[in-house]
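Written out below as structure tokens is the structure these notes cover.
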Protein chains: 2
Amino acid sequence: MITSQPECDKVTPLTDTDRTTPAFAPHDHSACEARALDEAADRLAEQGGRMTPVRRRTLEILLESHRAMGAYEVLDRLAAEGFGRQPPVAYRALEFLVEHGLAHRLQRLNAFAACLHPGHDHAPAFLICRACDKLAELPAAPVRAALADLAGETGFAVERVTIEAVGLCPACAENPAGAEA
Amino acid sequence: MITSQPECDKVTPLTDTDRTTPAFAPHDHSACEARALDEAADRLAEQGGRMTPVRRRTLEILLESHRAMGAYEVLDRLAAEGFGRQPPVAYRALEFLVEHGLAHRLQRLNAFAACLHPGHDHAPAFLICRACDKLAELPAAPVRAALADLAGETGFAVERVTIEAVGLCPACAENPAGAEA
DNA sequence: CCTAACCATGTTACATGATAACAAGTCAAC
DNA sequence: GTTGACTTGTTATCATGTAACATGGTTAGG
């Protein structure tokens with residue numbers, strides 16, 4: 001059940017648009033991964049958080065694919081690599097990453113995914129493909145604005161918003177048989 | 001931990017605007033409850049579902065408050081009233097209610113809440129007060145539209161959307177000490 | 001250098017959330 | 001009144017998440 005290979009086709013060179021482009025399209029995933037790690041380091045330097053071995057490894061594991069992983073899936077990987085094998089090990093690392101904007105928690109999946117552009121302070125919307133389980137982040141400002149309008153009328157003070165869409169990514173919509181595992 | 005009293009102030013008479021007004025404001029909760037049950041019965045009649053004792057009681061329990069309840073909290077109540085005391089009893093009743101549009105599942109809370117206007121076929125947005133745990137439904141069409149726009153650009157076919165906001169309801173924003181338990 | 005304070009890591013144990021698989025009861029239609 | 005679909009109940013197990021405490025490392029002040 002555990003795979004450690006990146007899942008992305010390594011085809012097209014990295015461009016600036018990758019920063020805002022969803023993860024469904026083929027792309028140079030090792031660069032995608034490396035950039036996210038770099039930006040994560042920058043962000044931590046600003047915020048004062050410490051990037052320890054468990055935390056770094058946890059982030060790397062999440063970055064291997066554009067999927068969300070359960071805490072126990074991450075834990076198995078960490079345990080296999082010599083870190084602790086008890087749930088709090090994984091939960092603490094994941095919580096740290098989420099708090100510092102380096103990863104996201106997917107409420108619908110009870111799972112976690114690496115943030116793909118941690119440089120920005122953002123609360124994105126998520127697109128979750130129900131066929132291949134891949135995940136994309138979208139800038140959610142317009143959506144949040146629409147919600148804030150509605151909530152404002154009621155006097156409710158919105159603090160955090162969860163916006164998660166389930167559906168089919170372009171590849172899986174074309175080839176429902178199983179475009180990409 | 002288990003309370004069976006409705007939590008709402010029983011003050012103002014029911015008006016048509018209650019249908020679209022969030023649940024944070026004081027209102028005649030017994031009427032609110034009764035209407036939701038009526039509309040639920042109507043909806044089931046249309047759809048062919050059977051309103052059995054467990055299901056009805058489960059819906060009534062959810063309707064007692066404008067909060068979301070965990071499946072085990074519901075189960076405790078059901079067990080105390082002579083229904084089965086095993087998890088599937090609660091999960092099946094809750095699943096039935098959700099499938100028939102009579103209740104909602106709150107992803108952020110891993111919990112369930114009665115739908116307040118089951119007559120409409122809707123996928124609302126939720127406002128969750130982090131202080132008093134009360135819950136309101138908002139018509140989410142504008143929000144979903146904004147999201148569909150963004151997702152459409154990427155070729156992603158959105159099927160279902162979760163929109164849940166956490167924050168402070170008007171009462172708790174004014175009186176952070178503990179406006180209403 | 002040393003040590004106190006803080007943080008990170010690890011553990012045990014448990015709480016909470018969810019489902020698979022099977023047995024038995026209910027009810028409507030024929 | 002028997003068949004067949006649905007509902008309810010059970011046992012057992014799995015998945016997810018946390019509280020509480022012990023240990024170890026880092027670091028700033030003395």
Side-chain angles (χ1 to χ4, degrees), chain A residues 1-2 40 44-45 47-62 67-100 102-113 133 162 164, chain B residues 1-2 44-45 47-62 67-100 102-113 128 133 162 164:
Chain A
M1 207 59 180
I2 296 175
L44 277 193
Q47 298 184 345
R50 272 169 58 188
M51 183 57 102
T52 64
V54 213
R55 291 169 179 174
R56 169 180 302 278
R57 194 65 196 115
T58 302
L59 181 54
E60 288 170 355
I61 289 169
L62 291 181
R67 291 182 303 115
M69 298 178 75
Y72 280 68
E73 197 179 347
V74 171
L75 177 59
D76 284 346
R77 294 284 306 275
L78 291 174
E81 299 176 18
F83 296 100
R85 48 186 63 256
Q86 307 306 323
V89 171
Y91 279 102
R92 282 195 290 233
L94 291 165
E95 183 189 17
F96 173 89
L97 295 174
V98 170
E99 272 174 5
H100 289 77
L102 310 182
H104 299 290
R105 179 176 208 133
L106 281 291
Q107 304 288 346
R108 280 196 84 104
L109 306 175
N110 291 325
F112 301 82
D133 284 333
T162 299
E164 296 175 2
Chain B
M1 209 60 179
I2 298 174
L44 277 193
Q47 297 185 344
R50 272 168 59 187
M51 182 58 102
T52 63
V54 213
R55 291 169 179 172
R56 170 179 301 277
R57 194 63 197 116
T58 300
L59 181 54
E60 288 170 356
I61 289 170
L62 292 181
R67 291 183 303 114
M69 297 178 75
Y72 279 65
E73 197 179 348
V74 172
L75 178 60
D76 284 345
R77 295 284 306 276
L78 291 174
E81 299 176 18
F83 296 100
R85 47 187 62 257
Q86 307 306 323
V89 170
Y91 279 101
R92 282 195 290 234
L94 291 166
E95 183 189 18
F96 173 88
L97 295 175
V98 170
E99 272 173 6
H100 289 77
L102 310 182
H104 298 290
R105 179 177 206 131
L106 281 290
Q107 303 288 347
R108 279 195 85 104
L109 307 175
N110 291 324
F112 301 82
I128 305 166
D133 284 332
T162 299
E164 296 175 2

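Just so it is clear: chains get the letters A, B, ... in the order the sequence lines come, proteins before strands, and each one is counted from 1. Heavy atoms only: backbone and side chains are in, while hydrogens, waters and symmetry mates are out.
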### Task
Would you kindly give the CZ-to-C1' distance between B:Arg57 and D:dT8, to the nearest whole Å?
18 Å
### Task
Can you tell me the distance, in whole Å, between the CG atom of A:Leu106 and the P atom of D:dT16?
13 Å
### Flag side-chain contact, heavy atom, 4.5 Å: B:Tyr91 against B:Val74
no
### Query
Quick one: bend of the helix from C:dC1-D:dG30 to C:dC30-D:dG1 from 5 pairs per end, to 10°?
20°
### Query
Can A:Arg57 and A:Glu60 be counted as an ion pair, charged N to O under 4.0 angstrom?
yes
### Query
Would you say B:Arg92 and B:Arg55 make side-chain contact, with heavy atoms under 4.5 Å?
no
### Query
A:Gln107 CD to D:dT16 P: how many Å, rounded?
14 Å
### Query
Do B:Glu164 and A:Glu164 have side-chain heavy atoms sitting under 4.5 Å apart?
no
#### Entry: Atom-pair distance (CG on B:Leu94; P on D:dT7), nearest Å
15 Å
### Task
Evaluate the side-chain proximity of A:Phe96 to A:Val54: yes if any heavy-atom separation is below 4.5 Å, no if none is.
no
### Message
What I'd like to find out is whether the side chain of A:Met69 reaches to under 4.5 Å of the side chain of A:Leu62, using heavy atoms alone.
### Response
yes
### Task
Answer whether the closest heavy-atom distance between the side chains of B:Met51 and B:His100 falls below 4.5 Å.
no
### Task
Would you mind building the protein contact string for nucleotides 5-18 of chain C? One character per nucleotide, 5' to 3', B for base within reach (heavy atoms under 4.0 Å), S for sugar-phosphate only, - for untouched.
---SBBBB----BB
Indicate every side-chain donor-acceptor pair of residues 102-113 of chain B with a distance under 3.5 Å to a residue at least two apart or in another chain.
{"residue": "B:His104", "atom": "NE2", "partner": "B:Glu137", "partner atom": "OE1", "Å": "3.4"}
{"residue": "B:Arg108", "atom": "NH1", "partner": "A:Thr162", "partner atom": "OG1", "Å": "2.4"}

